[in-house]
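The structure displayed is predicted, hence computed values, not measured ones.
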Amino acid sequence: MLPGNTASTLLTQYLRGQQGVLEAVKLSPDDIRLTVGEKVQATVTNLLPNGRFAVLIKDQLLDLNLPRNTQPGETLDLTVLAKTPTLTFSLAQAEAKPTLAPPPNVALSKGAAMLSAVLNAATDGKTAVLQQAQPLFVGSPNSAQLAGQLAGRLAESGLFYESHQAEWVSGQRPLQTLLKEPQAQFNLAADSEQRLKSDQPLARQTTAMAADALLLNKKNDDIPPEQAMRQLVRQQVDLLEQRPLIWQGAAWPDQPLRWELELKNEGEGHSEHNLAQQQWQTKLDLTLPKLGELGVVASLQHGQFHLRFNALNADTADLLKQQQASLLERFAAAGLNVVQYQVSNEP
């Protein structure tokens, strides 16, 4: 009959073998011609009936608890760990070289191919520009509505489409606003006819709303859909790389406008404590009929604004200085604190 702890002993020896710790048996201390720390080469001769292996080391035949996947004829590199009470070796683990299967013949979808082309394209260090042809104001401009118009265009630009989808799923955003974004309109014409044949009222209603948004987009935007999507993806990648957001379009018909928005200290953390430390900077560049070329830079940090105007026309610069008090009063009436006001006249 086997002793009661035989199974436990065999299991312990097996686990130690898998860990690279090998114990030799059937040797007395006088038979050992090895020193602790010595590196030796061992040749596996055969598998023993007890599941261990016969190994030849320096013309000595030893009984070792090698890993179960060991094959007779293998050569192993061992290091002597101890001589007493049991001769013990460590096994140098060979690094396994993974075998990679040959890549299957696959074809990228149109969207994946476009994304790959955008990511692999050389950027020349320049930030992508999000262009829109539809002016902010169709009729007379309203300065009080400028901020709202810019915010609305940014929300419908598609830059935050994925987060807007999550808001729609959770019931925080209506479907109509989601369908106004470019991603919802892209490739709509290819499957609109099939969807309209559906007997489901929701599918017909969704398609109809998307079709209306697509028609509106075509009337007001002359940029080809694929080019617009490339610009959009590039801008999303740029935002992930902490580059500024640049929007270029028209304030009103025949009045170009370039708007830039950037979080200057993006890398300083996103905790609630650091939210107050964030420094936002926005910049407007436009050429006005009477004032000429004008650049406006506004920085916001700790609830305080720093304003900087640069007018190419000297008369415009003088006018901005004369109107400083009036402008500061408007900021104060809106609850905004301006701590710095600069006007320059640099080319």
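For Glu262, the salt bridge (charged side-chain N to carboxylate O under 4.0 Å, His left out) partners are Lys264, not counting sequence neighbours.
Hydrophobic cluster membership is shared by Val169 and Leu179, with clusters built from Ile, Leu, Val, Met, Phe, Trp and Tyr side chains linked at under 4.5 angstrom. Both Trp247 and Phe160 are assigned to one and the same hydrophobic cluster, defined by single-linkage of ILVMFWY side chains at heavy-atom distances under 4.5 Å. Hydrophobic cluster membership is shared by Leu319 and Leu286, with clusters built from Ile, Leu, Val, Met, Phe, Trp and Tyr side chains linked at under 4.5 angstrom. In the hydrophobic clustering of this structure, Val297 does not group with Leu284; members are Ile, Leu, Val, Met, Phe, Trp, Tyr whose side-chain heavy atoms approach within less than 4.5 Å, directly or through other members. By the criterion of side-chain heavy atoms lying less than 4.5 angstrom apart, applied directly or through intervening Ile, Leu, Val, Met, Phe, Trp or Tyr residues, Leu288 is grouped together with Trp259 in one hydrophobic cluster.
Judged by distance alone, the side chain of Arg52 and the main-chain N or O of Asp63 form a donor-acceptor pair under 3.5 Å. Looking at Arg153, its side chain does come within 3.5 Å of a backbone N or O of Gln134 through a donor-acceptor pair. A distance-only check finds no donor-acceptor pair linking the side chain of Lys58 to the backbone of Leu34 [under 3.5 Å]. Gln145 contributes no side-chain N or O that, together with a main-chain N or O of Asn142, makes up a donor-acceptor pair within less than 3.5 Å. Here the side chain of Gln255 pairs no donor or acceptor atom with the backbone of Trp252 at under 3.5 angstrom. Judged by distance alone, with hydrogens and angles left aside, the side-chain atoms of Thr287 form no donor-acceptor pair with the main-chain N or O of Glu293 at under 3.5 Å. Here the side chain of Gln149 pairs a donor or acceptor atom with the backbone of Leu136 at under 3.5 angstrom. In this structure a side-chain-to-backbone donor-acceptor pair under 3.5 Å is missing from Asp285 to Leu257. Looking only at distances, no side-chain donor or acceptor of Ser326 sits under 3.5 Å from a matching main-chain atom of Gln323. A donor-acceptor pair under 3.5 Å is formed between the side chain of Thr88 and the backbone N or O of Thr86.
Between the OG1 atom of Thr45 and the CG atom of Leu56 there is a distance of 7.0 Å, given to the nearest 0.5 Å. Rounding to the nearest 0.5 Å gives a distance of 13.5 Å between NZ of Lys83 and CG of Leu81. Here CG of Leu320 is found 6.0 Å from CG of Leu294. Values are rounded to the nearest 0.5 Å. We find the CG-CG distance between Leu150 and Leu261 to be 10.0 Å, quoted to the nearest 0.5 Å. Expressed to the nearest 0.5 Å, how far CD of Glu329 lies from CD of Gln324 amounts to 11.0 Å. The distance from the CG atom of Asn345 to the NZ atom of Lys321 is 7.5 Å, given to the nearest 0.5 Å.
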Chi angles and distances behind the side chain to side chain contact (heavy atoms under 4.5 Å, CB included) call for Thr35, Val80
CA-CA 7 Å; Thr35 58; Val80 181; over 6 Å; no

Between Glu260 and Lys283, is a salt bridge (Lys or Arg N to Asp or Glu O under 4.0 Å) present by the stated rule, with each step listed?
CA-CA 5 Å; Glu260 182 175 321; Lys283 182 178 180 182; 5.6 Å; no

Step-by-step side chain to side chain contact (heavy atoms under 4.5 Å, CB included) determination, Leu78 to Leu64:
CA-CA 11 Å; Leu78 306 178; Leu64 295 181; 4.1 Å; yes

So Leu245 and Leu154, side chain to side chain contact (heavy atoms under 4.5 Å, CB included) or not? Walk me through it.
CA-CA 10 Å; Leu245 184 156; Leu154 183 60; 3.3 Å; yes

Derivation of the side chain to side chain contact (heavy atoms under 4.5 Å, CB included) call for Arg258 and Ile246
CA-CA 7 Å; Arg258 187 179 187 274; Ile246 300 178; 3.2 Å; yes

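Within the 4.5 Å cutoff, the side chain of Gln301 has no heavy atoms near those of the Gln278 side chain. Taking the side chain as every heavy atom from C-beta outward, Phe89 and Ile57 approach each other to under 4.5 Å.
Shortest non-hydrogen contact noted between Thr79 and Lys39 is OG1-NZ, 3.5 Å. Contact record, Ala317 with Ala311: N-CB, 3.8 Å, taken as the closest heavy-atom pair. The minimum heavy-atom distance between Tyr161 and Leu178, with the atom names listed, is CE1-CD1, 3.6 Å. Taking each heavy atom of Ala298 and Leu307 in turn, the nearest pair found is CB-CD2, 3.7 Å. Taking both residues in full, the closest heavy atoms of Lys180 and Gln176 are given as CG-O, 3.4 Å, listed atom of the first, atom of the second, then distance.
Among residues at least two apart or in separate chains, ring-ring contact (aromatic ring centres under 6.0 Å, His included) pairs with a member in residues 314-347 are Phe305-Phe331, Phe309-Tyr341.
No donor-acceptor contact under 3.5 angstrom links the side chains of Trp280 and Ser299, judged on distance only.
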